[in-house]
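Everything on this sheet refers to the single structure shown next.
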Amino acid sequence: MVEVGSFQFIVLLLPLEFVSMAPASISQIKVGHIDDVQELRKFKPAAIPERFIRDMAERPTLTTMDTLLSSTDIPVIDFSQLLKGKKTDEFQFELSKLAASCQDWGFFQVINHGVDLSLLESIEKSAMEFFDLPLEEKQKYAMAPGTIQGYGQAFVFSEDQKLDWCNMFALGLIPHFIRNPKLWPTKPAEFSDTLEVYSQEIRKLCQTLLRFISMTLGLNEDVLDNMFGEAVQAVRMNYYPPCSRPDLVLGLSPHSDGSALTVLQQGKDSSVGLQILRHNAWVPVRPLPDAFIINIGDTIEVLTNGKYKSVEHRAVTHKEKDRLSIVTFYAPSYEIELGPMPEFLDENNPCKYRRYNHGDYSKHYVTSKLEGKKTLDFAKIHPNNSSL
């Protein structure tokens with residue numbers, strides 16, 4: 001068992017559960033001492049260990065924090081209008097809004113999505129009950145360094161790497177071979193059953209959204225869904241305790257998502273924490289009640305040759321309020337070969353990304369620290385490199 005925050009970690013990089021059944025290369029990972037932020041908040045409420053204090057350029061400045069009061073709201077898509085049928089004016093209007101949201105923002109909120117609101121309450125309750133468990137209970141499901149499933153901090157690969165003010169609990173869902181049954185908690189008792197039902201509903205939402213996104217691109221509505229094969233699905237629950245110095249830390253480092261679609265549910269009464277990078281400024285996202293926040297991932301950017309772009313985002317903390325988010329990642333099968341679709345290539349739009357195996361990209365993503373959109377360099381075609 002890994003006991004977070006008690007000694008220096010020196011472990012082997014295990015096969016990555018989110019990537020494939022094949023073993024990953026073996027190397028040593030030293031991540032150093034990692035404090036559990038909930039324990040810090042509980043026993044040393046004013047303490048900010050050095051590893052959490054960001055360099056000046058990374059800190060959320062007072063200016064960006066003040067924009068919480070005046071930020072532009074991201075687009076809102078009424079899902080019920082898209083379900084009315086292609087021939088209705090309401091459908092065409094909402095589809096055009098979806099197209100603009102994907103192209104201009106890369107983020108949007110979905111209301112009237114059809115997922116039972118009692119299920120949203122249940123998964124939030126289960127997540128919070130898990131995070132409220134004693135540390136020794138949560139450590140039964142500890143995330144080993146170099147892996148991304150379990151409880152702890154993901155994407156940490158060195159002893160001097162800055163840490164996020166966040167506790168995470170991540171699980172692979174579909175296909176079943178990416179699951180690690182030993183990491184599925186027995187407490188709270190209803191956690192696993194609730195997550196199973198919730199994940200099925202979010203999967204249906206993602207499949208339907210992909211059909212509408214295909215249509216916004218002028219493609220047959222089944223093109224993306226069929227291309228993905230047995231889509232990979234994972235969930236990560238993030239808990240951000242209050243922080244006495246939110247101006248010094250980040251809840252989650254800036255990054256884009258390696259998925260095709262990401263679906264975020266924010267806990268009720270949570271602080272505003274998600275921020276997206278728009279026009280070189282960090283814009284906070286205020287979640288609407290009972291809405292999902294959707295963002296375009298790197299996969300869609302590659303497939304559309306940059307027409308729809310993934311967007312860099314991060315999380316900040318609050319001095320007095322905590323925050324919970326439940327995030328689902330939906331991506332193509334690891335066996336799928338991906339690259340820009342011919343429909344998005346012409347003389348004015350040359351190929352910007354090479355073809356690659358999605359499993360290889362996923363392995364690259366989860367073995368790299370979160371650092372803006374740097375992981376997408378894996379797929380970009382650079383000058384004097386025209387490999388397709």
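As the structure is a prediction and not an experimental result, all values here were calculated from the model.
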Minimum heavy-atom separation for Leu183 to Leu171, with atom names?
O-CD2, 3.6 Å

Quick one, Leu195 and Ser192 - any side-chain contact, counting heavy atoms below 4.5 Å?
no

Check residues 75-84 and write down every donor-acceptor pair under 3.5 Å in which the side-chain atom is one partner and the other belongs to a residue at least two apart or another chain.
| unit_1 | atom_1 | unit_2 | atom_2 | d |
| --- | --- | --- | --- | --- |
| Asp78 | OD1 | Ser80 | N | 3.1 |
| Asp78 | OD1 | Ser80 | OG | 2.5 |
| Asp78 | OD1 | Asn112 | ND2 | 3.0 |
| Asp78 | OD2 | Asn112 | ND2 | 3.3 |
| Gln81 | OE1 | Lys84 | NZ | 3.3 |

Pairs of donor and acceptor atoms involving the side chains of residues 220-231, under 3.5 Å and at least two apart or interchain, shall be tabulated with distances.
| unit_1 | atom_1 | unit_2 | atom_2 | d |
| --- | --- | --- | --- | --- |
| Asn220 | OD1 | Asp222 | N | 2.9 |
| Glu221 | OE1 | Lys86 | NZ | 2.5 |
| Asn226 | ND2 | Asp222 | O | 3.2 |

Run through His318, Lys319, Glu320 and flag the one making a side-chain contact (heavy atoms from CB on, under 4.5 Å) with Pro246.
Lys319

Taking it one step at a time, do Tyr330 and Gln207 satisfy side chain to side chain contact (heavy atoms under 4.5 Å, CB included)?
CA-CA 9 Å; Tyr330 188 85; Gln207 291 168 338; 3.3 Å; yes

Closest non-hydrogen atom pair between Ala291 and Gln109, with its separation:
CB-OE1, 3.8 Å

Do Ile276 and Trp282 have side chains that get closer than 4.5 Å, going by heavy atoms?
no

A side-chain contact here means heavy atoms from C-beta on lying under 4.5 Å apart; do Ile294 and Phe107 qualify?
no

Please check this pair: side chain of Lys162 against backbone of Glu50, looking for a donor-acceptor N/O pair closer than 3.5 Å.
yes

Taking the side chain from Arg179 and the backbone from Leu173, do they hold a donor-acceptor pair closer than 3.5 Å?
yes

Whether the side chain of Gln275 engages the backbone of Val285 through a donor-acceptor N/O pair (distance < 3.5 Å, no angle test) should be reported.
no

Are the side chain of Arg51 and the backbone N or O of His33 linked by a donor-acceptor pair below 3.5 Å?
yes

Can a donor-acceptor pair be found between the side chains of Tyr240 and Asp322 at a distance below 3.5 Å?
no

Hey, can you tell me if His313 and His255 have their rings parallel, tilted or perpendicular (30° and 60° cut-offs)?
tilted

State whether Asp164 and Arg54 are salt-bridged, where the test is any N-O pair (Lys NZ or Arg NE/NH1/NH2 against Asp/Glu carboxylate O) under 4.0 Å.
yes

I'd like to know if the side chain of Asp360 pairs up with that of His358 as donor and acceptor (distance under 3.5 Å, no hydrogens or angles considered).
no

With a 3.5 Å distance limit and no angle check, can you tell me whether Asn357 reaches the backbone of Gly359 through a side-chain donor-acceptor pair?
yes

Test item: side-chain donor near acceptor, Glu312 and Ser256, under 3.5 Å
no

Check Ile213 against Cys102 and note the closest heavy-atom contact, atom names and distance.
CG1-SG, 4.2 Å

Residue set satisfying side chain to side chain contact (heavy atoms under 4.5 Å, CB included) with Gln103, at least two apart, ordered chain then number -> Lys307, Tyr308

Any side-chain heavy atom of Met215 within less than 4.5 Å of one from Phe91?
yes

Going by atom types only, do Asn295 and Asp257 share a side-chain donor-acceptor pair under 3.5 Å?
yes

Donor-acceptor check, side chain of Asn305 to backbone of Pro350, threshold 3.5 angstrom: yes or no?
yes

Minimal heavy-atom distance between Thr299 and Gly258, with the atoms involved, is OG1-O, 3.2 Å

Considering only NZ, NE, NH1 and NH2 on the basic side and carboxylate oxygens on the acidic side, decide whether Glu129 and Lys125 come within less than 4.0 Å.
yes

Closest approach of Gly106 to Val311 (non-hydrogen atoms, all atoms of both residues)
CA-CG2, 3.8 Å

When you measure from the side chain of Ser270 to the backbone N and O of Gln266, does any donor-acceptor pair fall under 3.5 Å?
no

Using side-chain heavy atoms (C-beta onward) and a distance below 4.5 Å, is Phe52 in contact with Leu250?
no

Can you name the nearest heavy-atom pair linking Cys206 to Leu261, along with the distance?
O-CD1, 3.8 Å

Main chain of Gly273, side chain of Ser271: is a donor-acceptor contact present, judged purely on distance under 3.5 Å?
no

Apply side-chain hydrogen bond (donor to acceptor under 3.5 Å, both in side chains) to the pair Asn167 and Tyr151, showing each step before the final yes or no.
CA-CA 7 Å; Asn167 283 338; Tyr151 174 77; 3.0 Å; yes

Are side-chain N/O atoms of Gln149 and Tyr141 paired as donor and acceptor at under 3.5 Å?
no

Assess whether atom CG of Asp346 is packed by more than 12 heavy atoms of other residues, nucleotides or ligands within 6.0 Å.
yes

Other residues, nucleotides, ligands: >12 heavy atoms within 6.0 Å of Asp269 CG:
no

Side chain of Trp105, backbone of Ile74: donor and acceptor closer than 3.5 Å?
no

Lys352 versus Lys380: any side-chain heavy-atom pair under 4.5 Å?
no

Quick one: does Phe292's side chain get under 4.5 Å of Leu205's, heavy atoms only?
yes

Quick check: Phe169 with Phe131 (ring centres under 6.0 Å apart)?
no

Do Lys268 and Asp290 meet the salt-bridge criterion of a basic N to acidic O distance under 4.0 Å?
yes

Do Val235 and Val327 have side chains that get closer than 4.5 Å, going by heavy atoms?
no

Test your reading of the model: is there a side-chain donor-acceptor pair from Gln92 to the backbone of Lys87, 3.5 Å cut-off?
no

Would you check, one step at a time, whether the test side-chain hydrogen bond (donor to acceptor under 3.5 Å, both in side chains) holds for Ser310 with Glu301?
CA-CA 6 Å; Ser310 61; Glu301 176 167 338; 3.0 Å; yes

